[in-house]
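Read the structure below first, then the notes.
Note that the coordinates shown come from a computational prediction; the quantities given were computed from them, not determined experimentally. Chain A is the first sequence line, chain B the second, and so forth, proteins listed ahead of strands; every chain is numbered from 1. Below, each value reflects all heavy atoms present in this structure, side chains not excepted, and no hydrogens, waters or symmetry copies.
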2 protein chains.
Amino acid sequence: MHDHDLCIAEAMARAQRRCRADGLHLTPVRRRVLEILLEEHRAMGAYEILDRLRAEGLGSQPPVAYRALDFLMKHGFVHRIETLNAFVACTERPGSADSHVPGFLICRTCRRVIETCVDTGGGRLETAAAGAGFAIEHAIREAAGRCADCRSAA
Amino acid sequence: MHDHDLCIAEAMARAQRRCRADGLHLTPVRRRVLEILLEEHRAMGAYEILDRLRAEGLGSQPPVAYRALDFLMKHGFVHRIETLNAFVACTERPGSADSHVPGFLICRTCRRVIETCVDTGGGRLETAAAGAGFAIEHAIREAAGRCADCRSAA
DNA sequence: TCCGCGACCGATACTGTATAACATATCGTC
DNA sequence: GACGATATGTTATACAGTATCGGTCGCGGA
């Protein structure tokens with residue numbers, strides 16, 4: 001069992017350092033959205049995040065949340081889970097400059113997300129793309145199922 | 001250049017045969033939705049499809065389109081594109097009993113979709129899942145970019 | 001015959017997701 | 001102090017998806 005508070009504190013410190021180093025502004029809203037996602041440690045919908053912000057007086061309209069999420073995604077602190085239309089904090093090389101190609105294992109019961117680095121390379125999709133003259137700009141891999149905890153709980 | 005009308009006719013005939021063989025009901029709404037997707041040959045949103053149905057007097061409320069799409073997806077005639085929240089007709093072994101694992105190359109300009117069969121196997125995501133005790137139930141692979149036509153047009 | 005059953009369709013209403021457009025504020029720089 | 005760049009606030013609206021109720025039609029069994 002890991003110390004989740006410590007884990008969050010470290011992640012926030014890392015984010016802070018990265019922003020300072022690259023001249024990015026980790027404003028209160030952006031900072032808090034990242035914290036919320038780290039605390040929950042699961043995929044959250046934009047409106048669920050927005051509710052939190054509203055409760056804390058940090059903005060109440062959808063664009064507030066979406067703009068913060070866009071910033072965090074653009075710089076690699078957060079990933080979007082397409083199959084859930086939701087967002088998770090990056091746990092694998094967060095904020096790394098080389099935007100790694102992540103793969104996600106998404107538990108349909110607890111919405112916890114395991115992030116793995118699958119990188120790219122001579123996969124079949126890449127081969128097919130090359131053959132068709134298709135230029136891949138962004139690839140995703142997501143798998144839905146049930147995590148070990150939820151399976152043993154059942 | 002292929003004969004698109006013929007291609008559609010063949011796909012519809014195949015669907016018809018498959019439904020007859022398996023006791024599935026290819027009702028007018030379901031039939032027309034599949035036809036529309038085959039005609040357009042690109043990813044379409046549910047509401048765009050619904051507009052067509054409405055214009056043809058085949059139903060005007062969201063559930064009509066979603067029920068038809070659910071049926072077509074369940075039986076492998078149509079795939080959902082998660083990154084677009086949209087749908088395409090299956091071009092690779094449509095309606096095949098073994099629900100193949102498809103990969104998609106999605107052009108962000110024309111929304112045309114190239115479907116490839118990537119199957120599964122000892123990929124990194126599967127390895128990570130096995131290691132974490134995660135049971136994968138459904139996996140997707142999608143890549144956004146630009147197709148050969150759109151690239152040469154630019 | 002008629003009753004029930006299941007599959008499909010129709011319609012209302014609602015929740016959730018996402019963005020456009022415009023106004024305001026803040027800050028460093030010239 | 002004026003300016004541009006960046007971030008936030010606000011309104012409104014479009015798009016996506018679901019819950020729920022009711023109607024119709026065909027079909028098999030009492």
Side-chain angles (χ1 to χ4, degrees), chain A residues 15 19-20 22-34 36-37 42-75 77-88 106 108 111 142 144, chain B residues 15 19-20 22-34 36-37 40 42-75 77-88 106 108 111 140 142 144:
Chain A
C19 286
R20 193 145 13 216
D22 292 12
L24 306 173
H25 297 320
L26 193 61
T27 64
V29 177
R30 293 169 178 176
R31 182 191 171 79
R32 188 65 193 121
V33 169
L34 178 55
I36 289 170
L37 284 170
R42 64 181 171 88
M44 295 179 76
Y47 279 59
E48 197 182 350
I49 294 168
L50 183 57
D51 284 343
R52 300 282 200 94
L53 294 179
R54 204 184 330 251
E56 299 172 16
L58 272 173
S60 60
Q61 303 305 322
V64 174
Y66 282 103
R67 285 193 283 237
L69 288 166
D70 283 346
F71 170 88
L72 293 169
M73 276 193 293
K74 182 174 170 188
H75 299 292
F77 299 115
V78 161
H79 293 297
R80 180 180 168 77
I81 305 296
E82 297 290 347
T83 46
L84 296 176
N85 290 328
F87 306 85
V88 280
I106 305 151
R108 64 174 163 79
R111 281 173 70 118
E142 297 182 9
Chain B
C19 286
R20 193 145 13 215
D22 292 12
L24 306 173
H25 297 319
L26 194 61
T27 64
V29 176
R30 293 169 178 177
R31 182 190 171 79
R32 190 65 193 121
V33 169
L34 179 54
I36 289 170
L37 285 170
E40 289 293 328
R42 63 181 172 88
M44 295 178 78
Y47 280 58
E48 196 182 352
I49 294 168
L50 183 56
D51 284 343
R52 298 281 199 97
L53 294 180
R54 205 186 328 254
E56 299 172 15
L58 271 174
S60 60
Q61 304 306 322
V64 174
Y66 282 105
R67 284 192 285 236
L69 288 166
D70 283 346
F71 170 88
L72 293 169
M73 275 194 292
K74 182 175 171 188
H75 299 291
F77 299 116
V78 160
H79 293 297
R80 179 180 168 76
I81 304 298
E82 298 290 346
T83 46
L84 296 176
N85 291 327
F87 306 84
V88 278
I106 306 151
R108 64 174 163 80
R111 282 173 67 118
I140 64 157
E142 298 181 9

Anything under 3.5 Å between a donor and an acceptor, one on a side chain of residues 63-73 of chain A, the other on a protein residue two or more places apart or in another chain? List them.
none

Discussion item. Would V33(A) and V78(A) count as a side-chain contact (heavy atoms from CB on, under 4.5 Å) here? Give the steps.
Written reply: CA-CA 10 Å; V33(A) 169; V78(A) 161; 5.8 Å; no
Discussion item. For R20(B), is the CZ atom crowded, meaning more than 12 foreign heavy atoms sit under 6.0 Å from it?
Written reply: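 Check fails, neighbour count at 12 or below.
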Worksheet item: With sequence neighbours left out, what residues match A144(A) under side-chain contact (heavy atoms from CB on, under 4.5 Å)?
Response: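 Listed in chain order: nothing, the list is empty.
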Rounded to whole angstrom units, what separation is found between the [atom1] atom of [X] and the [atom2] atom of [N]?
{"X": "N85(B)", "N": "dA14(D)", "atom1": "CG", "atom2": "P", "value": "18 Å"}
{"X": "D70(B)", "N": "dA19(D)", "atom1": "CG", "atom2": "P", "value": "11 Å"}
{"X": "Y66(A)", "N": "dA16(D)", "atom1": "OH", "atom2": "P", "value": "13 Å"}
{"X": "Y47(A)", "N": "dC15(D)", "atom1": "OH", "atom2": "C1'", "value": "11 Å"}

Worksheet entry | Where chain A begins and ends its contact with DNA chain C, read 5' to 3' at 4.0 Å from heavy atoms |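 Endpoints of the contacted stretch of DNA chain C: dT17(C) to dA20(C).
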Worksheet item: Mind checking whether E82(A) and E142(A) have side chains closer than 4.5 Å, heavy atoms only?
Response: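 Result yes, sub-4.5 Å side-chain heavy-atom pair found.
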Worksheet item: Can you tell if the side chain of V88(A) reaches within under 4.5 Å of the side chain of I106(A), non-hydrogen atoms only?
Response: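 Not in contact.
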Donor-acceptor list for residues 45-53 of chain B side chains, cut-off 3.5 Å, not counting sequence neighbours:
residue: E48(B); atom: OE2; partner: R42(B); partner atom: NH1; Å: 3.4
residue: E48(B); atom: OE2; partner: R42(B); partner atom: NH2; Å: 2.6
residue: D51(B); atom: OD1; partner: R54(B); partner atom: NH2; Å: 3.2
residue: R52(B); atom: NH2; partner: E40(B); partner atom: OE2; Å: 2.3

Fill in: Any residue meeting side-chain hydrogen bond (donor to acceptor under 3.5 Å, both in side chains) with R30(B), in chain and number order, not counting sequence neighbours
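So R30(B) forms no side-chain hydrogen bond (donor to acceptor under 3.5 Å, both in side chains) with any residue.
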Distances for protein N/O vs nucleotides 6-12 of chain D N/O pairs under 3.5 angstrom?
residue: dA7(D); atom: OP1; partner: R30(A); partner atom: NH1; Å: 3.1
residue: dA7(D); atom: O5'; partner: R30(A); partner atom: NH2; Å: 3.3
residue: dT8(D); atom: OP1; partner: T27(A); partner atom: OG1; Å: 2.6
residue: dG9(D); atom: N7; partner: R67(A); partner atom: NH2; Å: 2.7
residue: dG9(D); atom: O6; partner: R67(A); partner atom: NH1; Å: 3.3

